[in-house]
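First up is the structure itself, then whatever we jot down about it.
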Amino acid sequence: MPENYVDVIQASKMLDVHPETVKRLIREGKLTATKFGNKWIMEVDRLRMFANTYDRRRGRSRKLL
């Protein structure tokens, strides 16, 4: 694997999310990745830019009553 690229496992650690979340982001087109053999790989610089704007919260925010 090229030096300036990371796989799904490394990306999940950088984003502090589950690896399946990274795969979902790739499928949804929110995260750019390339297939290398049987692995998805991402550029480290692009992943860092994405990490600066990524909001980990899921679903709608809750309202306090």
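From a predicted model like this one, the values you see are computed outputs, not experimental measurements.
If you take OH on Y54 and CG on D16, they are separated by 10.0 Å, rounding to the nearest 0.5 Å.
No more than 12 heavy-atom neighbours from other residues, nucleotides or ligands sit within 6.0 angstrom of CZ on R46.
Shown here for H18 and S12, the closest heavy-atom pair between the two residues is C-CB, 3.9 Å. Scanning all heavy atoms of the two residues, the minimum distance from I41 to Y5 falls at CD1-CD2, 3.8 Å. Of all the heavy atoms in D7 and K39, the pair that sits closest is OD2-NZ, 3.6 Å.
The shortest distance between side-chain heavy atoms of I26 and M42 falls below 4.5 Å. For the pair E20/V8, no side-chain contact is recorded, criterion being any heavy-atom separation below 4.5 Å from C-beta on.
Looking at V22, I9, L47 one by one, the single match for side chain to side chain contact (heavy atoms under 4.5 Å, CB included) with M14 turns out to be L47.
Here K13 pairs with nothing under the salt bridge (Lys or Arg N to Asp or Glu O under 4.0 Å) rule; sequence neighbours left out.
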Check: residues 29-37 side-chain donor-acceptor pairs under 3.5 Å, at least two apart:
| unit_1 | atom_1 | unit_2 | atom_2 | d |
| --- | --- | --- | --- | --- |
| K30 | NZ | E28 | OE1 | 3.4 |

